[in-house]
Amino acid sequence: MHSRWTDYRIFWREFRRTYHSTGAISPSGKPLAQALTHFVRHGLNTGCPRRILEVGPGTGAVTVAIAEALRPADQLDLVELNDRFVERLRKRLAEDPRLAPVASRTELIHGDLRDLPHDRHYDVIVSGLPMNNFSVDLVENLLDVLRQHLAPGGMLSFFEYIAIRRFKAFLSLSAGRQRLRGIDRVLNTMLDRHQIRRDRILPNIPPAWVHHVQFS
Ligand SMILES: C[S@@+](CC[C@H](N)C(=O)[O-])C[C@H]1O[C@@H](n2cnc3c(N)ncnc32)[C@H](O)[C@@H]1O
């Protein structure tokens, strides 16, 4: 039986233990997970099986929404850096009635997105990466890597908490403020060119923007 409280407990512990890569105090709520998976649910049905990648699935809050939207022959890859989250996901894929039905079509990769084999291309990528915790160079690098893994016409959906960079910048010293301004510049330049849709999700703690991006 899957317990949401166990997920919250694991998340909180990992937030304190690995703040830099976890970047959130709790798993995403259902409305956020639904918005992030918009293009898994409503993507063009060409009749061909799709390859879907989730980056940073954590305890699987968004993975469940992806699993519910998978079409019969679709394949799902999950790439997760954190060993405790990987352990939790492995258990849920084996036991959770919402994930077990897609376990045979799901590959759980324990590692860094940047080490994913270059020849894997996806029709939809859903990312939970906490970009605001990273250096400007790393954000640029991760965006390049995400872009390289998209198949032609593929969609990237990711979220960020509303006004969080401005709020963090307000509380930061000069170097931190500069880093956050750099991230703002990199993300907004990319979004100005490639964003095709944006959803505002107020019923989430904290409220979030979901960005949907198409590079080609
Ligand atoms: C903000 S949490 C999102 C968790 C989950 N998607 C959710 O919405 O509840 C960020 C996740 O990204 C993972 N992560 C951070 N950097 C990563 C990387 N370079 N490669 C793969 N996963 C990464 C963290 O371990 C964590 O699970």
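Worth knowing before you read on, the calculation uses all heavy atoms, side chains too, and leaves out hydrogens, waters and symmetry mates.
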Q) Can you get from L156 to V124 by hopping between Ile, Leu, Val, Met, Phe, Trp and Tyr side chains that sit under 4.5 Å apart? A)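 Shared cluster, no.
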
**Q.** In one Ile/Leu/Val/Met/Phe/Trp/Tyr side-chain cluster, 4.5 Å: F158, I196
**A.**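 Result: no, two separate clusters.
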
Q: Enter the distance from L81:CG to T18:OG1 here, rounded to the nearest 0.5 Å.
A: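 L81 CG to T18 OG1: 8.5 Å, rounded to 0.5 Å.
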
**Q.** Single hit among V210, N204, I201, L202 for side-chain contact (heavy atoms from CB on, under 4.5 Å) with P31
**A.**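 Of the listed residues V210, N204, I201, L202, the side-chain contact (heavy atoms from CB on, under 4.5 Å) partner of P31 is I201.
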
Q) Which one of I52, L53, L36 satisfies the side-chain contact (heavy atoms from CB on, under 4.5 Å) criterion with I66? A)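 Between I66 and the candidates, side-chain contact (heavy atoms from CB on, under 4.5 Å) is satisfied uniquely by I52.
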
Q. Does R147 have any side-chain hydrogen bond (donor to acceptor under 3.5 Å, both in side chains) partners at least two apart in sequence or in another chain, and if so, which?
A.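 side-chain hydrogen bond (donor to acceptor under 3.5 Å, both in side chains) list for R147, sorted by chain: empty.
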
Q: State whether E68 and R41 are salt-bridged, where the test is any N-O pair (Lys NZ or Arg NE/NH1/NH2 against Asp/Glu carboxylate O) under 4.0 Å.
A: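 So E68 does not pair with R41 through a salt bridge.
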
Q | Donor-acceptor contact present, side-chain S216 to main-chain G153, <3.5 Å | A |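 Flag set: sc S216 to bb G153 pair under 3.5 Å.
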
Q | Given R51, R90, R120, the one that forms salt bridge (charged side-chain N to carboxylate O under 4.0 Å, His left out) with E107 | A |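 Option passing the salt bridge (charged side-chain N to carboxylate O under 4.0 Å, His left out) with E107: R120.
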
Q | Identified salt bridge (charged side-chain N to carboxylate O under 4.0 Å, His left out) counterpart of D7 within the set K91, R84, R88 | A |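 The option that passes is R88.
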
Q. For the residue pair F134 and H20, is the inter-centroid distance of their aromatic rings smaller than 6.0 Å?
A.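 Yes; H20 has its ring centre under 6.0 Å from that of F134.
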
**Q.** F159 ring center within less than 6.0 Å of H211 ring center
**A.**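 For H211 and F159, the ring centres are not under 6.0 Å apart.
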
Q | Between T63 and E54, a side-chain donor and acceptor under 3.5 Å | A |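 Yes, a side-chain donor-acceptor pair sits under 3.5 Å.
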
Q) Does the pair D83 and R17 meet the rule for a salt bridge (charged side-chain N to carboxylate O under 4.0 Å, His left out), with working shown? A) CA-CA 12 Å; D83 47 355; R17 198 179 69 91; 3.6 Å; yes

Q. Would you say the side chain of M190 lies within less than 4.5 Å of the side chain of V213, judging by non-hydrogen atoms?
A.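 Yes, at least one pair of side-chain atoms sits under 4.5 Å.
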
